[in-house]
Engineer: 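After the structure tokens below, expect a handful of questions from me.
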Amino acid sequence: MEVRTLADERILDILEKDSQRGMALLMEKYTALIWHVSSHYIRNPEDIKECVNDTFSEFYFHRKRFKSEKSSLAAYLTAIARNKAVSLYRKEQREKKRRADVDSEKLAEKESQIEQAELRTDIERAMSLLKPNELQIIRMKYYDGMSVREIAASLNLPYETVKKRHQRSVLKLGQSLMLILALVFILTACVYGVLRYLEVIPPIGAWSWPWIWEKTDEPKEEQEDDIREKEVPELHLGDTGGEQREPEMDADLPEQEGAEEALLSISPTALPMEEEGKAVDMTPTVMDEYTVSPGYGVNVDPKEPVYTLAEKETVENERYGLTLEEAHYINHRVTATIRLYKKNDTVESWKELSEGINVKFISFKEFKWNRTYISCRSIDSSTELLVCCFDNVSLPDLEKGIENISILFTSGDSISFSMSRVEQEKVTEYPHQTGELGGILAIPRFEEGSLIIAIHPLDDEDEFQIVPAIIVDSAGSGSERILMITGEDGTTYAGECIRYHPMGEETYFEWNFGKVRPGSYKLNIPWIYMQAKMNEINMPIDPLKNLWDDKKYSFPGGRVWIQDCIPLDAKPEEELSMIKKWRIRIGYDSVYENCPVTGFYGLSCEMDCDPSENDRFETGYVMSMISNDAENGIWEYDLTANLELSNPQSMHLFFSKTDTVNLRWNQSFEIPFTVE
């Protein structure tokens with residue numbers, strides 16, 4: 001037993017000094033055990049291999065959580081492997097059960113097609129009002145049969161976050177469905193069964209008019225779904241070099257604190273839309289658990305470290321130099337600022353030189369991550385500043401910081417550097433307020449006699465993201481000088497955004513309010529701009545026949561549709577021309593009363609074409625935006641097509657997942673703070 005313990009300690013010691021060698025030793029010793037554990041639950045060799053890889057990956061990136069005094073390394077790895085194998089097993093069983101249930105429901109279906117269509121329409125209408133992340137949790141909970149803790153583990157989210165989203169989703173769904181029932185004045189037995197199963201309506205005896213819940217008894221505690229032992233084979237460990245105890249599910253994982261909590265059943269209540277100017281909700285939310293590192297931003301996962309560049313690093317040759325000026329790691333993203341400068345005027349043109357040097361990826365040990373974003377800004381005729389981002393980066397949590405990270409360039413150059421840890425502080429230590437869709441954090445300071453406030457968005461991890469400029473959307477629309485502070489005597493000061501860039505890499509901006517006296521103030525924010533990624537939407541249209549689908553397509557926060565397509569009158573000399581023009585009107589609206597859609601960043605047009613090299617239309621057609629009437633939800637485009645080169649009958653308008661939609665949350669904030 002002692003020899004085995006010493007061997008594990010030796011492996012862990014090597015792992016800290018040489019991760020590649022240490023992981024090789026760890027995998028050599030324990031792969032057979034983990035494979036054996038996984039094979040008790042899953043039979044597919046590829047799934048077992050995935051489970052083994054995931055087990056070692058999770059241990060490597062969270063090895064600081066392992067405490068040798070609490071359990072052996074073998075038991076700890078077994079617990080991780082068992083959790084992952086059981087999750088795969090449950091997923092397979094749920095899928096089989098789901099398919100069987102679907103087949104059974106089809107055979108047992110007795111309602112008429114009209115009744116089924118009405119039921120489906122009502123439920124889809126109600127569920128369409130949920131945010132995608134809320135809908136995902138509802139489906140995982142009630143359709144896939146997963147517990148809240150399983151959902152949290154599957155989505156890699158904190159347990160409390162998933163629990164609050166589940167409660168919020170049930171409340172919204174209850175409100176929407178009860179509104180539908182009130183409108184149609186009928187409740188079929190099938191609808192009632194569905195709503196009772198989803199726990200969004202009480203028993204019939206508990207109803208009251210006008211559709212308001214009455215509390216009859218104290219709510220009962222509803223135990224969270226636990227592992228179904230009948231469905232999971234019993235695990236028997238083989239001989240692993242010593243006596244092993246079978247770890248209970250999740251029992252040995254340090255992130256689990258205490259026994260599983262029981263979920264309290266809640267009575268749904270109406271959730272009215274917030275009115276413009278209404279005071280924000282001051283109830284503590286999951287966002288209060290976030291941390292902030294002044295100068296670097298808000299960390300939505302306080303368990304993850306924040307790092308910054310230890311010191312500048314430079315590589316040079318006889319032609320040019322590259323200097324890493326800044327770099328920081330937060331929210332699984334590395335943002336690096338690199339200065340590229342030409343050393344003399346005798347080398348090739350600056351344009352050719354700069355275009356030949358591009359950032360490829362960042363690497364740490366055996367891992368590497370591709371560049372996901374880059375911007376370039378000219379400083380002078382021989383210097384450029386590159387800002388590049390690397391997403392989905394996962395760095396270990398090390399007190400001493402990170403050493404030997406490298407950025408590689410297409411030119412073959414590389415910059416190696418080190419990063420040191422940054423102190424994190426609770427969001428609650430600074431002035432902040434939150435509402436239904438997010439919140440605002442303010443960090444004030446005096447600088448050369450002027451009041452500077454770093455204003456950070458606080459997002460609740462849903463599909464809507466507050467734009468860094470707060471009151472200016474991602475396309476640069478809106479006023480930059482309506483962000484105000486008010487003193488105790490009623491004096492107001494207008495803020496000016498420092499280094500504003502609507503499409504930059506910043507996650508927050510700083511605002512200068514000029515010379516103000518120390519004292520108590522309120523930061524006044526009249527509204528907040530938000531954005532979300534669009535769904536993939538394809539809208540076919542035939543301008544020649546004036547035909548299109550009347551369907552309204554859903555996206556996060558609203559709907560979009562083709563409203564009109566009007567031929568534009570041709571000039572007399574163009575009447576016989578093959579060049580035709582149309583004015584296309586796109587309609588859109590919001591599903592939230594106090595969060596209207598303000599515009600889109602995207603929308604493309606495609607049609608079959610055979611362009612000529614000499615034609616001024618490179619693709620045989622051109623579409624350009626004319627106007628955007630956000631108040632009435634009308635977006636106008638002009639389409640010009642050469643019928644000899646293109647076929648408008650094959651035309652379609654589309655959004656991709658890289659496009660975004662902008663919304664304005666008409667929620668005012670008043671954040672009190674004091675400057676000394």
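FYI, side chains are in, hydrogens and waters are out, and symmetry mates aren't considered; it's all heavy atoms of this structure.
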Engineer: Would the distance check show the side chain of Tyr508 and the main-chain N or O of Ala454 forming a donor-acceptor pair, the cut-off being under 3.5 Å?
Structural biologist: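 Checked: no pair found.
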Engineer: Is it true that the NZ or CZ of Arg63 lies under 6.0 Å from the centre of Tyr60's six-membered ring and within 45 degrees of the ring axis?
Structural biologist: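 Yes; both conditions hold, so Arg63 lies above the ring face of Tyr60.
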Engineer: So which heavy atom on Ile453 is nearest to which on Ala442, and how close?
Structural biologist: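 Result for this residue pair: CG2-CB, 3.9 Å.
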Engineer: Evaluate the side chain to side chain contact (heavy atoms under 4.5 Å, CB included) criterion for residues Lys533 and Thr660: first the C-alpha distance (whole Å), next the side-chain angles of each, then the deciding distance (0.1 Å), finally the verdict.
Structural biologist: CA-CA 5 Å; Lys533 292 292 185 181; Thr660 57; 4.0 Å; yes
Engineer: Do Thr308 and Tyr296 pair up side chain to side chain, a donor and an acceptor below 3.5 Å, judged on atom types alone?
Structural biologist: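 Distance-only check passes for Thr308 and Tyr296.
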Engineer: Any ion pair linking Glu384 and Arg339 (charged N to carboxylate O, less than 4.0 Å)?
Structural biologist: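 No, no charged N to carboxylate O under 4.0 Å.
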Engineer: Counting C-beta onward and ignoring hydrogens, is there a side-chain heavy-atom pair between Asn370 and Phe390 closer than 4.5 Å?
Structural biologist: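 Contact flag for Asn370/Phe390 side chains = no.
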Engineer: Please tell me if the side chains of His456 and Val298 come closer than 4.5 Å, counting only heavy atoms from C-beta onward.
Structural biologist: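 Yes, close enough: below the 4.5 Å cut-off.
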Engineer: How about Lys522: does its NZ atom have over 12 heavy atoms from other parts shown lying under 6.0 Å from it?
Structural biologist: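 Incorrect, the count does not exceed 12.
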Engineer: Ser375 and Tyr373: side chain to side chain contact (heavy atoms under 4.5 Å, CB included), yes or no, with the steps?
Structural biologist: CA-CA 7 Å; Ser375 67; Tyr373 170 85; 3.5 Å; yes
Engineer: Is a side-chain donor-acceptor pair under 3.5 Å present for Asn299 with Gln424?
Structural biologist: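 Side chains of Gln424 and Asn299: pair found under 3.5 Å.
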Engineer: Using 0.5 Å steps for rounding, measure from the CD atom of Glu311 to the OG atom of Ser420.
Structural biologist: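 If we round to the nearest 0.5 Å, Glu311:CD and Ser420:OG are 10.0 Å apart.
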Engineer: Does a sphere of radius 6.0 Å around CD in Glu326 hold more than 12 heavy atoms from other residues, nucleotides or ligands, not counting ones at 6.0 Å or beyond?
Structural biologist: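 12 or below, so no.
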Engineer: Please say which of Asn358, Ile362, Ile407 ends up in a side-chain contact (heavy atoms from CB on, under 4.5 Å) with Arg371.
Structural biologist: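 Going through the options one by one, the only one that passes is Asn358.
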Engineer: Taking 4.0 angstrom as the limit, do Asp397 and Arg421 come out as a salt bridge?
Structural biologist: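 Salt bridge flag = yes for Arg421 with Asp397.
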Engineer: Side chains of Tyr290 and Asp459: is there a donor and an acceptor less than 3.5 Å apart?
Structural biologist: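 No, no side-chain donor-acceptor contact under 3.5 Å.
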Engineer: Side chains of Phe513 and Ser450: closer than 4.5 Å at any heavy-atom pair?
Structural biologist: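 No, every pair of side-chain atoms sits at 4.5 Å or beyond.
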Engineer: After noting the C-alpha distance and the side-chain angles of Phe56 and Tyr30, does the key distance pass the ring pair (Phe, Tyr, Trp, His ring centres under 6.0 Å) rule?
Structural biologist: CA-CA 9 Å; Phe56 285 118; Tyr30 287 112; 7.9 Å; no
Engineer: Please determine whether side chain to side chain contact (heavy atoms under 4.5 Å, CB included) holds for the pair Asn512 and Tyr493, giving the CA-CA distance in whole Å, both sets of side-chain angles, and the decisive distance to 0.1 Å.
Structural biologist: CA-CA 10 Å; Asn512 188 342; Tyr493 302 85; over 6 Å; no
Engineer: Which pair of heavy atoms, one from Leu451 and one from Val516, lies closest together, and at what distance?
Structural biologist: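 The pair with the smallest heavy-atom distance is CB-CG2, 3.5 Å.
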Engineer: Roughly how far, to the nearest 0.5 Å, is CD1 of Ile48 from CD1 of Ile42?
Structural biologist: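 With rounding to 0.5 Å, CD1 (Ile42) is 5.5 Å from CD1 (Ile48).
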Engineer: Looking only at heavy atoms, which two atoms of Lys84 and Cys51 are closest? And how far apart?
Structural biologist: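 Residues Lys84 and Cys51, closest heavy atoms: CB-SG, 3.8 Å.
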Engineer: Test side chain to side chain contact (heavy atoms under 4.5 Å, CB included) on Val300 and Glu289 and set out the steps.
Structural biologist: CA-CA 8 Å; Val300 300; Glu289 299 300 319; over 6 Å; no
Engineer: To the closest 0.5 Å, what do you measure between CD1 (Ile330) and OG (Ser293)?
Structural biologist: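 Ile330 CD1 to Ser293 OG: 5.0 Å, rounded to 0.5 Å.
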Engineer: Can you tell if the side chain of Val292 reaches within under 4.5 Å of the side chain of Tyr430, non-hydrogen atoms only?
Structural biologist: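 A side-chain contact exists here, since the closest heavy-atom pair is under 4.5 Å.
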Engineer: More than 12 heavy atoms of other residues, nucleotides or ligands under 6.0 Å from CD of Glu366: yes or no?
Structural biologist: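 More than 12 within 6.0 Å, yes.
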Engineer: Can you see whether Ser406 engages Ser414 through a side-chain donor-acceptor pair at a distance of less than 3.5 angstrom?
Structural biologist: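 Per modelled atom types, Ser406 and Ser414 side chains form no pair under 3.5 Å.
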Engineer: Would you say Gln433 and Pro672 make side-chain contact, with heavy atoms under 4.5 Å?
Structural biologist: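 Yes, close enough: below the 4.5 Å cut-off.
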Engineer: Could you pull out the closest heavy-atom pair between Leu398 and Ile402, with the gap in Å?
Structural biologist: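 Where Leu398 meets Ile402 most closely, the heavy atoms are CD1-CD1, 3.9 Å.
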Engineer: Please report the closest heavy-atom contact between Ile485 and Asn524, naming both atoms and the distance.
Structural biologist: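 Between these two residues, the closest heavy atoms are C-ND2, 3.9 Å.
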Engineer: Evaluate the side-chain proximity of Ile671 to Ile440: yes if any heavy-atom separation is below 4.5 Å, no if none is.
Structural biologist: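 Counting from C-beta outward, Ile440 and Ile671 do come under 4.5 Å.
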Engineer: In this structure, which one of Thr372, Asn331, Thr335 forms a side-chain hydrogen bond (donor to acceptor under 3.5 Å, both in side chains) with Asp391?
Structural biologist: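 With Asp391 as partner, side-chain hydrogen bond (donor to acceptor under 3.5 Å, both in side chains) holds for just one option, Thr372.
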Engineer: Please check if the number of heavy atoms outside Glu429 that lie under 6.0 Å from its CD is greater than 12.
Structural biologist: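 Counting other residues, nucleotides and ligands, CD of Glu429 exceeds 12 neighbours.
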Engineer: Does Lys312 form a salt bridge (charged side-chain N to carboxylate O under 4.0 Å, His left out) with Glu325? I'd like the steps, not just the answer.
Structural biologist: CA-CA 6 Å; Lys312 296 182 180 181; Glu325 301 275 350; 2.9 Å; yes
Engineer: Asp659 side chain to Ser656 main-chain N or O, any donor-acceptor pair under 3.5 Å?
Structural biologist: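 Present.
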Engineer: Provide the closest heavy-atom pair for Gly401 versus Tyr307 in the form atom of the first, atom of the second, distance.
Structural biologist: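 Closest approach of Gly401 to Tyr307, heavy atoms only: CA-CE2, 3.9 Å.
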Engineer: Just how far is it from atom CE of Met419 to atom CG of Leu309, taken to the nearest 0.5 Å?
Structural biologist: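 Here the interatomic distance stands at 6.5 Å.
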Engineer: How long is the gap from CG on Leu33 to OG1 on Thr78, to the nearest 0.5 Å?
Structural biologist: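 That separation rounds to 4.0 Å.
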Engineer: Say whether Asp380 and Thr383, considering side chains only, have a donor N or O and an acceptor N or O under 3.5 Å apart.
Structural biologist: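 Yes, because at least one side-chain N or O of Asp380 sits under 3.5 Å from a partner of the opposite role on Thr383.
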Engineer: Do Ile498 and Ile452 come close enough that some side-chain heavy atom pair is under 4.5 Å?
Structural biologist: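 Yes, close enough: below the 4.5 Å cut-off.
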Engineer: Looking at SG of Cys376 and CG of Leu340, how far apart are the two atoms once the value is rounded to the nearest 0.5 Å?
Structural biologist: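 Going from the SG atom of Cys376 to the CG atom of Leu340 covers 8.0 Å.
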Engineer: Are Phe555 and Phe600 an aromatic pair by the rule of ring centers under 6.0 Å?
Structural biologist: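 Yes; Phe600 has its ring centre under 6.0 Å from that of Phe555.
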Engineer: Stepwise, does the ring pair (Phe, Tyr, Trp, His ring centres under 6.0 Å) test hold for Phe367 with Phe361?
Structural biologist: CA-CA 10 Å; Phe367 306 99; Phe361 56 81; over 10 Å; no
Engineer: If the threshold is 4.0 Å, N to carboxylate O, is there a salt bridge linking Glu510 and Arg445?
Structural biologist: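 Yes, this pair counts.
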Engineer: Does CG belonging to Asn392 count more than 12 external heavy atoms closer than 6.0 Å?
Structural biologist: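 For Asn392, atom CG is not crowded (no more than 12 foreign heavy atoms under 6.0 Å).
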Engineer: Within a strict 4.5 Å, meaning less than it, do heavy atoms of the Cys595 and Trp665 side chains meet?
Structural biologist: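 Answer yes - side chains close enough.
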Engineer: Tell me whether the centres of the aromatic rings in Phe66 and Tyr76 are closer together than 6.0 Å.
Structural biologist: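 Under 6.0 Å, so yes.
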Engineer: Taking atom NZ of Lys657 as the centre, report whether more than 12 heavy atoms of other residues, nucleotides or ligands fall under 6.0 Å from it.
Structural biologist: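 Incorrect, the count does not exceed 12.
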